[in-house]
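Read through the structure below, which is laid out as structure tokens, and then see the notes.
Just so you know, these numbers come straight off a predicted model, no measurement behind them. Reminder, nothing fancy here: chain letters follow the sequence lines and each chain counts from 1.
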Amino acid sequence: MDRYNFRSIEEKWQKYWEDNNVFKTTIDKSKKKFYCLEMFPYPSGKIHMGHVRNYTIGDVLARYKGLQGYNVLHPMGWDSFGMPAENAAKQNNLDPKIWTEKNIENMKSQLKKLGLSIDWSREISTCSEDYYKHQQNFFLELYKKKLVYRKENYVNWDPVDETVLANEQVIDGRGWRSGALVQRKKLNQWFFNISKFSQDLLDELENLDNWPNKVKTMQKNWIGKSFGCEINFDVEGDIPIKNIKCFTTRPDTLFGFSFLALSVDHEISNFYKDDKDFLKFRDECSKTGTTEEAIAVAEKIGFKTNLVAINPLNTKEKVPVYFANFVLMDYGFGAVFGCPAHDQRDFDFAKKYDLKIKTVVKPNDEDETFQVLDKAYTGPGVLINSDFLNGLKTPEEAVIETIKIIENKKLGKKQINYRLKDWGVSRQRYWGCPIPIAYDENNNPHPIPKSMLPVKLPQNINLNTKGNPLDKETVWKTTIIDGKKMTRETDTLDTFVCSSWYYLRFCSPKNQEYGFDKDEIDYWMPVDQYIGGVEHAILHLLYSRFFMRALSHENKNINLKEPFNGLFTQGMVCHETYKDPDNNWVSPDEIEIIDGKKYLKKDNSKQITVGSSESMSKSKKNTIDPENIILNYGADAARLFILSDSPPEKDVQWSEEGITSSFKFIQKLWILNSKILDEIKSDHKNDADHEIEKYTNKFLKKVTENLESFSYNKIIANLHEVYSFLIKKISSKYTRKTLINNYKKILITMMPVVPHLSSECLNLINAKEIHWPEYNENLIKEEIAKIVIQINGKKRGLIETEPNLPENNLMKIINKDEKILKYLDGKKIKKKIYIKNRLINIIL
RNA sequence: GCCCUCGUGGUGAAAUUGGUAGACACAAAGGACUUAAAAUCCUUGCCGCUUGCGGAGUGCCAGUUCGAGUCUGGCCGAGGGCACCA
């Protein structure tokens with residue numbers, strides 16, 4: 001019996017698939033389509049286990065759908081613009097393009113070794129001119145539709161990467177890539193008007209039935225809709241300002257008004273720009289900015305103006321106006337009215353500056369003497385101390401009533417606000433898609449004419465400069481449009497723009513005229529199943545949803561809002577962490593096991609401490625290189641293991657034992673195959689066929705259901721079960737025809753998981769016409785019912801009977817069963833609950 | 001602080017959606033084969049008297065039900081998301 005030579009067999013099939021263009025796809029309107037897409041990788045140089053998991057999950061689905069007869073689109077490409085290339089290029093003094101292309105070459109060959117069913121003829125790379133010229137065209141289309149605009153704005157400035165970051169790229173006050181503390185800086189920036197679609201982006205979440213609720217909730221919170229009203233407060237004081245607009249969700253608490261707070265960037269700050277104390281205060285605020293600690297400690301500080309604001313519902317009441325560090329300029333109107341009794345933040349501020357705290361809401365279970373003392377009350381209740389509003393139920397009734405009153409008195413109006421802000425897309429970087437704009441001598445922007453696209457990145461430039469290298473390219477910067485000399489925009493686009501439409505490009509990757517072909521996207525879009533990491537729950541997925549809307553906006557040819565019909569977010573790959581006695585992280589490769597204990601390979605005196613299992617990361621050195629795994633165990637074993645044990649949406653623990661066990665299972669399946677080949681050399685008459693028919697059909701049902709529900713870990717369990725069955729029953733003398741038929745079906749179900757082994761075995765049994773096997777419900781029907789006997793809800797026995805046995809007949813059997821009679825003990829039966837074919841519960 | 005998700009053997013997990021808890025796998029222990037080892041196969045969730053049998057058992061406490069891992073309420077714990085959003 002020969003050993004399974006995974007290397008030659010995997011290579012053979014990969015070559016066969018490639019040479020025969022097995023996964024090449026074209027439109028075929030006679031067939032139902034299935035667009036299976038995994039998030040495309042950044043070409044960092046090598047694939048990691050996260051990729052292996054992501055692409056294995058996608059491949060299982062793509063192959064399954066293909067076997068079912070769908071016309072499957074399963075492409076792959078490269079998210080190849082971005083800072084790592086630029087940084088690597090700087091360090092090694094080479095061209096980012098060359099660095100990137102080399103990485104792509106390498107990663108592509110690694111991915112191919114995984115045996116993925118990818119149509120490589122559709123490969124795209126976002127850094128190629130062929131890709132970004134269409135992106136520039138889209139930018140100009142959006143510009144024309146006024147969905148792109150330029151404004152001066154405070155930005156999140158990353159001092160290490162010397163670039164602007166989107167709010168979403170600032171994590172805990174630090175740059176998401178560099179980890180540097182983010183600063184505030186005012187710059188001219190390009191923006192995509194994503195907030196125009198806030199309501200629609202929110203509404204359509206409801207219809208995304210095949211998205212995880214988790215992701216929908218995150219997006220919902222991110223969009224952050226709130227209902228309230230704007231109120232125009234009259235003010236009096238020493239500057240020529242008559243009123244200040246505020247946004248509030250709690251107008252019902254207006255009688256608890258005790259101060260008005262402004263953002264330091266509010267237009268009123270212009271009157272204080274010569275006030276040294278104010279400037280000092282403003283500095284103080286920008287320092288506490290967005291850092292983690294600052295928010296945690298979050299001391300509320302204010303700067304008192306000489307203004308007073310008048311309560312519009314009680315004009316006798318005048319309260320002080322402050323600038324305060326907790327008021328944001330880019331939400332609402334940069335001004336809030338303070339009601340300390342019913343907002344914790346206002347409460348803290350009032351305590352600090354000794355402002356009035358007037359209770360105007362009492363909880364439902366309190367009486368009217370209720371007073372807010374050491375903590376704001378933000379819950380529901382009834383309005384008190386509020387004159388004509390007294391007795392209203394809050395918040396629902398009271399908010400609506402108050403808004404009506406405010407509208408009638410023309411003091412303000414109903415208003416809906418969103419937290420979602422427009423998407424700043426300008427980046428001060430070389431390695432990105434150039435923004436196709438040029439400026440005239442008055443600094444007015446002009447689109448680059450379509451005929452002059454693409455605006456190509458200059459090559460062979462000096463990257464070792466501070467700030468944006470494109471700024472220094474004086475020759476490149478200068479251009480002539482309509483005979484006028486102009487200066488190019490030197491900012492490039494955020495790389496999230498590239499990934500916002502790549503799913504469209506895959507439909508027609510070769511179209512030179514436009515980013516995609518209408519016929520092609522009409523057939524292929526939307527993506528039926530999108531698979532990737534949950535880390536993109538907000539940024540990438542929201543941007544893509546926006547981009548699809550932006551392209552469809554005012555465009556009769558495209559009527560598509562949602563790019564991804566189904567979304568699946570897979571968990572991470574984790575591994576134990578190791579440290580040496582000096583507290584340094586140690587990689588699994590550097591460890592040797594002696595007598596069950598782990599030691600440092602190069603120094604056996606040093607014992608390793610084993611830490612918790614965490615997601616694989618270079619910094620903790622707990623990574624496993626997929627290339628080595630494929631080399632030593634094969635792609636099928638790697639695929640099998642990455643799907644085993646844990647459900648795909650949860651984290652999976654990588655372990656040496658696990659991959660070894662998967663490797664062994666592949667070997668076992670191969671031995672089984674050899675035995676079956678022996679077995680089918682002769683035929684049998686003995687009619688044991690029914691057994692295998694039945695088992696196979698039950699198995700097919702389970703596997704099919706598990707595939708449909710992404711329960712891929714259960715499929716592996718099913719494969720173990722079917723193996724155990726076959727290896728035991730192989731000599732049961734099934735007729736040759738039946739054995740081959742059923743074995744063929746089983747092998748086909750293995751195709752999505754272990755395609756090389758499965759293809760080889762199918763070939764060896766000379767199987768033709770390979771398509772997903774249907775199961776026959778009639779063959780699955782149970783011929784024996786196992787009925788649990790419960791006495792007073794406790795399991796006391798198990799009886800095997802014919803199916804659908806009437807209760808009377810069952811009781812006859814029970815009455816002959818000594819074990820059970822022991823429990824009945826002649827007692828009177830009060831009640832019987834009989835669930836056919838399942839259980840009977842006898843209550844005494 | 002707010003929002004979401006999840007708590008099942010030593011470990012990763014299953015459980016026909018309210019009906020035999022622990023499928024499948026990893027680890028450990030014991031056993032078989034072997035001169036021996038490797039490989040392979042079998043047995044074992046826990047507590048008790050030890051073929052068998054009995055008991056407890058799905059984070060904790062209540063509730064609904066003939067019956068709860070599954071449903072309801074309250075607590076405890078873990079993970080994730082958001083960050084002064086008015």
Side-chain angles (χ1 to χ4, degrees), chain A residues 167 170-173 212-222 224-226 228 231 246-251 253 261 263 288 290 292 294-296 298-300 324-328 330-339 342-346 348-349 378 417-421 534-535 537-538 574 596 613 641 644-647 649-653 655-658 660-662 664-665 667-668 671 701-702 705 711 713-721 723-724 727 786-798 819 830-835 837-844:
Chain A
N167 285 314
V170 180
I171 296 155
D172 294 335
N213 284 327
K214 182 173 61 172
V215 174
K216 289 197 274 188
T217 310
M218 280 162 74
Q219 292 212 354
K220 193 178 162 205
N221 292 340
W222 193 262
K225 181 179 181 176
S226 54
I231 303 178
C246 294
F247 171 73
T248 178
T249 54
R250 294 298 302 274
T253 63
S263 158
T288 49
T290 49
E292 200 176 1
I295 290 161
E299 201 196 348
K300 315 270 176 285
N325 64 339
F326 60 83
V327 184
L328 305 173
D330 49 10
Y331 185 79
F333 302 100
V336 301
F337 94 80
C339 175
H342 306 289
D343 181 293
Q344 190 56 42
R345 193 193 42 209
D346 294 348
D348 296 341
F349 190 78
T378 55
N417 261 6
Y418 302 89
R419 282 177 44 187
L420 183 66
K421 286 168 211 144
V534 74
E535 66 272 20
I538 301 170
C574 300
S613 184
F641 174 65
S644 298
D645 289 348
S646 291
E649 69 276 12
K650 286 180 75 174
D651 288 355
V652 66
Q653 311 293 324
S655 71
E656 190 65 26
E657 293 84 4
T660 312
S661 136
S662 295
K664 284 179 190 165
F665 187 52
Q667 297 293 343
K668 286 189 197 172
I671 292 166
K701 184 174 188 210
K702 277 193 266 183
E705 285 172 355
S711 305
N713 54 323
K714 289 190 234 165
I715 292 173
I716 311 303
N718 298 148
L719 293 181
H720 279 282
E721 281 165 343
Y723 164 81
S724 298
I727 203 83
K786 288 180 184 171
I787 297 172
V788 175
I789 317 297
Q790 290 185 339
I791 313 286
N792 286 336
K794 280 202 169 161
K795 182 190 164 192
R796 296 299 182 188
L798 189 65
K819 264 192 207 165
K830 281 189 197 153
K831 199 174 172 185
K832 283 179 292 203
I833 294 105
Y834 178 45
I835 313 291
N837 301 325
R838 200 151 285 174
L839 98 170
I840 183 160
N841 191 1
I842 301 168
I843 310 301
L844 300 176

Under a 3.5 Å cut-off for both distances, is [N] Watson-Crick or wobble paired, and to whom?
N     : result
B:G1  : B:C82
B:C6  : B:G77
B:A38 : none
B:G45 : none
B:A27 : none

For a quick check of understanding: with a heavy-atom distance under 4.0 Å over all strands, which category does [X] fall into, base, sugar-phosphate or nothing?
X      : value
A:S644 : nothing
A:V652 : nothing
A:N417 : nothing
A:K216 : nothing
A:K794 : sugar-phosphate

Shortest non-hydrogen separation from [X] to [Y] and the atoms involved:
X      : Y      : value
A:H342 : A:T378 : O-CG2, 3.4 Å
A:I538 : A:Q219 : O-NE2, 4.0 Å
A:I833 : A:I843 : CD1-CG1, 4.3 Å
A:A537 : A:M218 : CB-CE, 3.5 Å
A:N841 : A:G793 : OD1-N, 2.9 Å

So [Y] and [X], do their side chains get closer than 4.5 Å, heavy atoms only?
X      : Y      : value
A:F641 : A:I716 : no
A:N325 : A:F349 : no
A:K214 : A:V534 : yes
A:S655 : A:Q653 : no
A:N713 : A:D645 : no

Side chain of [X], heavy atoms from C-beta onward: which of [options] has the nearest atom to it?
X      : options             : answer
A:W222 : B:C85, B:C84, B:A83 : B:A83
A:Y331 : B:C85, B:C84, B:A13 : B:C85
A:F326 : B:A13, B:C84, B:C53 : B:C84
A:V788 : B:U20, B:C24, B:A86 : B:U20
A:R345 : B:G19, B:C85, B:G12 : B:C85
A:K714 : B:C85, B:A13, B:A15 : B:A15
A:R419 : B:G54, B:A56, B:A83 : B:A83
A:E657 : B:A27, B:C84, B:A23 : B:A27
A:I538 : B:C82, B:G19, B:C3  : B:C82
A:D645 : B:C84, B:G12, B:C24 : B:G12

[atom1] atoms of [N] and [M], separation to the nearest Å:
N     : M     : atom1 : answer
B:U17 : B:U11 : P     : 29 Å
B:G80 : B:A15 : C1'   : 26 Å
B:C26 : B:G77 : C1'   : 26 Å
B:U65 : B:C71 : C1'   : 10 Å
B:G7  : B:U70 : P     : 10 Å
B:G81 : B:G45 : C1'   : 37 Å
B:U72 : B:A83 : P     : 31 Å
B:C60 : B:C76 : P     : 15 Å

Within the structure, does a side-chain N or O atom of [X] lie under 4.0 Å from either OP1 or OP2 of [N]?
X      : N     : value
A:K702 : B:U16 : no
A:N713 : B:A14 : yes
A:R796 : B:C53 : no
A:S661 : B:C26 : yes

Checklist entry - Taking the chi torsion of B:G48, is it syn (within 90° of 0) or anti (everything else)? => result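 Nucleotide B:G48 adopts anti.
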Checklist entry - Syn or anti for B:U8, taking syn as within 90° of 0? => result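 Anti for B:U8; the angle lies over 90° from 0.
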Next on the checklist: Is the ring pair A:H720/A:F665 parallel, tilted or perpendicular, if the boundaries are 30 and 60 degrees?
Outcome noted: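 Ring orientation, 0 to 90° scale: parallel.
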Nucleotides 65-68 of chain B: which of its N/O atoms have a protein N/O under 3.5 Å away?
residue: B:C66; atom: O2'; partner: A:N841; partner atom: ND2; Å: 3.3
residue: B:C66; atom: O2; partner: A:N841; partner atom: ND2; Å: 2.6

Next on the checklist: For A:N221 and A:K786, find the nucleotide of RNA chain B closest to each by heavy atoms; which residue's nucleotide sits nearer the 5' end?
Outcome noted: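 It is A:N221, whose closest nucleotide lies nearer the 5' terminus.
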Checklist entry - Taking for each residue the nucleotide of RNA chain B bearing the nearest heavy atom, is the 5' side occupied by A:D346 or by A:K819? => result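 Its nearest nucleotide lies further toward 5', so the answer is A:K819.
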Rounded to whole angstroms, how far apart are [atom1] on [X] and [atom2] on [N]?
X      : N     : atom1 : atom2 : result
A:L839 : B:A21 : CG    : C1'   : 14 Å
A:M218 : B:A83 : CE    : P     : 10 Å
A:E535 : B:C82 : CD    : C1'   : 17 Å
A:E649 : B:A13 : CD    : C1'   : 12 Å
A:Q219 : B:C4  : CD    : P     : 17 Å
A:L798 : B:A21 : CG    : P     : 10 Å
A:K650 : B:U5  : NZ    : P     : 15 Å
A:Q653 : B:G79 : CD    : C1'   : 13 Å

Item to check | Reported NZ-to-NZ distance for the pair A:K702 and A:K714, which is rounded to 0.5 angstrom | outcome: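 Taking NZ in A:K702 and NZ in A:K714, the distance rounds to 11.0 Å.
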Checklist entry - Can you tell me how far the CG atom of A:L839 sits from the CD atom of A:Q790, to the nearest 0.5 Å? => result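 Reported to 0.5 Å precision, the distance equals 4.5 Å.
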Checklist entry - Step by step, would you call A:F333 with A:I231 a side-chain contact (heavy atoms from CB on, under 4.5 Å)? => result CA-CA 10 Å; A:F333 302 100; A:I231 303 178; over 6 Å; no
Within the sub-3.5 Å range, which N or O atoms of nucleotides 37-48 of chain B have a protein N or O partner, and how far apart are they?
none

